[in-house]
Visitor: 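One structure, as structure tokens, below. Some questions next.
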Number of protein chains: 2
Amino acid sequence: MEKSQREYISISKQALKRLPYYLNYLKKLRDSGANKVSSTMIAKEMHLSDVQVRKDLAAVSKTGGRPRTGFDIEELIMCIENYLGYNNINDAVLVGAGHLGRALLSYSGFESYGLRIVAAFDNNKDVVNTNICGKLVFPMEKLNDICRRLKVHIGIITVPADAAQNVCDQLIDSGIIAIWNFAPVHLSVNEEIIVHNENIAASLALLSNQLAVKLNRIQK
Amino acid sequence: MEKSQREYISISKQALKRLPYYLNYLKKLRDSGANKVSSTMIAKEMHLSDVQVRKDLAAVSKTGGRPRTGFDIEELIMCIENYLGYNNINDAVLVGAGHLGRALLSYSGFESYGLRIVAAFDNNKDVVNTNICGKLVFPMEKLNDICRRLKVHIGIITVPADAAQNVCDQLIDSGIIAIWNFAPVHLSVNEEIIVHNENIAASLALLSNQLAVKLNRIQK
DNA sequence: TAGATTGTTAATCGATTAACAATC
DNA sequence: TAGATTGTTAATCGATTAACAATC
């Protein structure tokens, strides 16, 4: 296959999730002065198999690696950032300025991941019109108007579970096509809408289950 | 297989992640007055296949379902909560009282998921000895002493990426055996330590990749 | 050259789905 | 009884790993 066609290699969801970890490690290597890296080296650092790393990198690297020398760190960083869309920033709105919402609003790291939260919304009058880290909180009534005017595509939901579906519907009405849902509910949406669930309860489920298994084993 | 041996059916990680969503839906049904639910019904609500739901439920339900009538909602809720360990609360400490750390400290929902954050730690003098939602922030020097005295098993890491490995090592030194890591780095740990990564960058990677694919398709 | 490393094809593993018998 | 629903076994699908040729 032509090098220039590399970009069409499909990548698994699992692999996509590994990319930010690779990126982090590669940047650390670069900052320590290194130029080249092998898939074996990355694999060892992250406790993965070298073949897996090579396959993942094959999907994102334009130039590929070279036998004996490995991959160019700088090139890999650029390719991964590019692949993940960190270079072209997407605008997003956030609905629900509670604790979690505020944490996300005040998190300054998103821009480097290609996400800029341009406005927040809430229906609590005590929060509306306040300013959280430079981002204004608007009343829900303005959602549609602002989303359409700013051509925002991503909506972040940080409202309680029972309000999430309603907020979701409003976001879609306002032209949002990708939703990052932090409420612990399944959202019913039309097929063409992208929903990504960030469920702390689900993660915790895994952790506490593993812990329970471990503690049980120890007792036996 | 004997009903009483049901509890030994193994469950996939994926299934474990679905359980909290089932739970949420089941509680909603219960609150609306329902008694019984079929796997088809749950599947339709959550856009899954009915067989998958049945298989997941088979792993957690003690009594199982009954043909024609389905599953008892109350029993399922109890079994899932039990399976996920929501009933016996685990104590945890949190290290890193920045924005994200504060959000987690002030999140009141954890107790119902079986997690109680008993103390927070930070090395920033401006935060040390302050009180966040009833939880005291201690200096890092006290980590070992407090973890050992309270017999805490879970550590939550919400420090910047470059400090995470160091904090992780300190936690393990203090007797922690399960780590919930919110820093976007791979942590190197001994085999017997459980690490669960919560990487916002990784999630965002998936979302923005899907969005990019979608926007590209639309343009074509 | 020798050997470390890449990239690819085939084999394996795990999770989901299809098919169907059992049951109320 | 008829048919909706469960639970299980076999088939499929997707992701990881093993094996190995190609290359610098």
Side-chain angles (χ1 to χ4, degrees), chain A residues 1-19 21-22 26 29 34-73 75-76 79 202 205-206 209, chain B residues 1-19 21-22 26 29 34-73 75-76 79 202 206 209-210:
Chain A
M1 190 194 276
E2 278 280 334
K3 293 278 180 199
S4 60
Q5 295 193 355
R6 276 272 171 69
E7 48 196 302
Y8 298 115
I9 293 176
S10 71
I11 187 166
S12 74
K13 283 185 181 186
Q14 310 299 324
L16 219 36
K17 282 192 193 171
R18 286 188 291 269
L19 291 181
Y21 289 97
Y22 295 160
L26 291 169
L29 281 181
N35 276 317
K36 299 282 179 183
V37 66
S38 72
S39 42
T40 327
M41 201 169 158
I42 298 178
K44 201 167 271 173
E45 166 77 15
M46 319 230 327
H47 296 270
L48 299 170
S49 91
D50 57 329
V51 188
Q52 187 172 47
V53 173
R54 230 171 291 135
K55 224 172 183 185
D56 291 352
L57 295 184
V60 294
S61 171
K62 289 251 194 300
T63 62
R66 287 177 72 194
R68 279 274 323 165
T69 44
F71 293 82
D72 185 88
I73 292 178
E75 196 259 349
L76 269 189
C79 285
L206 252 142
N209 182 272
Chain B
M1 192 193 276
E2 277 280 334
K3 295 279 181 198
S4 60
Q5 295 194 356
R6 276 271 171 68
E7 49 196 302
Y8 298 115
I9 294 177
S10 72
I11 187 166
S12 75
K13 283 186 183 186
Q14 310 300 322
L16 219 36
K17 282 193 194 171
R18 286 188 290 268
L19 292 181
Y21 288 96
Y22 295 159
L26 292 169
L29 280 181
N35 275 319
K36 299 282 178 183
V37 66
S38 72
S39 43
T40 327
M41 200 169 158
I42 298 176
K44 201 167 270 175
E45 166 78 14
M46 318 230 327
H47 295 270
L48 300 170
S49 92
D50 57 328
V51 188
Q52 187 171 48
V53 173
R54 230 172 291 134
K55 225 171 183 186
D56 290 352
L57 295 183
V60 295
S61 170
K62 289 250 194 297
T63 63
R66 287 176 71 192
R68 279 276 321 166
T69 44
F71 294 82
D72 185 89
I73 293 177
E75 196 259 350
L76 269 188
C79 285
L206 252 143
N209 182 272
Q210 282 176 273

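Here is the naming used below: chain letters follow the sequence lines, and residue numbers restart at 1 for every chain.
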Visitor: Check the distance between D:dC24's P and A:Asp72's CG and give it to me in whole angstrom.
Guide: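 My rounded result for the distance is 16 Å.
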
Visitor: Of the options D:dT23, D:dT16, D:dT6, whose atoms approach the side-chain atoms of A:Arg18 most closely?
Guide: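 Nearest listed nucleotide: D:dT16.
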
Visitor: I want to confirm an ordering. Mapping A:Thr69 and A:Asp56 to their closest nucleotides on DNA chain D, which one lands closer to the 5' end?
Guide: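 It is A:Asp56, whose closest nucleotide lies nearer the 5' terminus.
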
Visitor: The side chain of A:Lys55 lies closest to which of these nucleotides: C:dT5, D:dT5, D:dT16?
Guide: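 The answer is D:dT16, which lies nearest to the side chain.
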
Visitor: Can you tell me how far the CG atom of B:Asp56 sits from the NZ atom of B:Lys17, to the nearest 0.5 Å?
Guide: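 It comes to 13.5 Å.
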
Visitor: What is the separation between atom CG on A:Asp50 and atom P on D:dA19, rounded to the nearest whole Å?
Guide: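 So the two atoms are 13 Å apart, to the nearest Å.
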
Visitor: Under 4.0 Å between a side-chain N/O of A:Gln14 and OP1 or OP2 of D:dA15, yes or no?
Guide: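 The answer is no; no side-chain N or O of A:Gln14 sits under 4.0 Å from OP1 or OP2.
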
Visitor: Under a 3.5 Å limit for both distances, which nucleotide forms a Watson-Crick or G-U wobble pair with C:dC20, could you say?
Guide: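 Partner of C:dC20: D:dG7.
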
Visitor: With a 4.0 Å limit, can you tell me whether B:Ser49 has a side-chain N or O closer than that to the phosphate oxygens OP1/OP2 of C:dT16?
Guide: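 B:Ser49 to C:dT16 OP1/OP2: no side-chain N or O under 4.0 Å.
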
Visitor: Between A:Ser12 and D:dG14, is there a contact of a side-chain N or O with OP1 or OP2 at under 4.0 Å?
Guide: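 For A:Ser12, the contact criterion (side-chain N or O under 4.0 Å from OP1 or OP2 of D:dG14) is not met.
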
Visitor: Distance check needed: C:dT12 C1' versus A:Gln52 CD, whole Å only.
Guide: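 Going from CD in A:Gln52 over to C1' in C:dT12 covers 14 Å.
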
Visitor: C:dT9, OP1 or OP2 - any side-chain N/O from A:Arg54 closer than 4.0 Å?
Guide: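 It does not, given that no N or O in the side chain of A:Arg54 lies less than 4.0 Å from OP1 or OP2 of C:dT9.
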
Visitor: Find the distance A:Leu76:CG to C:dT5:P and express it as a whole number of Å.
Guide: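 Going from CG in A:Leu76 over to P in C:dT5 covers 15 Å.
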
Visitor: Looking at every heavy atom in both A:Cys79 and A:Ser61, which two are closest together, and how far apart are they?
Guide: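 Nearest pair, atom of A:Cys79 first, then A:Ser61: SG-CA, 4.0 Å.
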
Visitor: Quickly work out the A:Ile42 CD1 to C:dA4 C1' distance and round it to whole Å.
Guide: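 A:Ile42 atom CD1 is separated from C:dA4 atom C1' by 16 Å.
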
Visitor: With sugar-phosphate meaning primed atoms plus P, OP1 and OP2, does B:Ser39 contact a base, only sugar-phosphate, or nothing at under 4.0 Å between heavy atoms?
Guide: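 Since only primed, P, OP1 and OP2 atoms lie under 4.0 Å of B:Ser39, the category is sugar-phosphate.
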
Visitor: In whole Å, what is the span from the CE atom of A:Met41 to the P atom of C:dT5?
Guide: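 These atoms are roughly 10 Å apart.
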
Visitor: How far does NZ of B:Lys44 sit from CG of B:Asp50, to the nearest 0.5 angstrom?
Guide: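 With rounding to 0.5 Å, NZ (B:Lys44) is 9.5 Å from CG (B:Asp50).
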
Visitor: As an exercise, state the distance from CG of B:Asn209 to CD1 of A:Ile11, rounded to the nearest 0.5 Å.
Guide: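 Taking CG in B:Asn209 and CD1 in A:Ile11, the distance rounds to 7.5 Å.
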
Visitor: Whole-Å distance between C:dA15 P and B:Leu16 CG?
Guide: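 So the two atoms are 11 Å apart, to the nearest Å.
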
Visitor: With a non-hydrogen cut-off below 4.0 angstrom, is A:Arg68 in contact with a base, only sugar-phosphate, or nothing?
Guide: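 Result for A:Arg68 = base.
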
Visitor: How many Å lie between CD1 on B:Ile11 and P on D:dG7, as a whole number?
Guide: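 To the nearest whole Å, that distance equals 14 Å.
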
Visitor: Distance check, rounded to the nearest 0.5 Å: B:Leu26 atom CG versus B:Glu75 atom CD?
Guide: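 So the CG of B:Leu26 and the CD of B:Glu75 are separated by 10.5 Å.
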
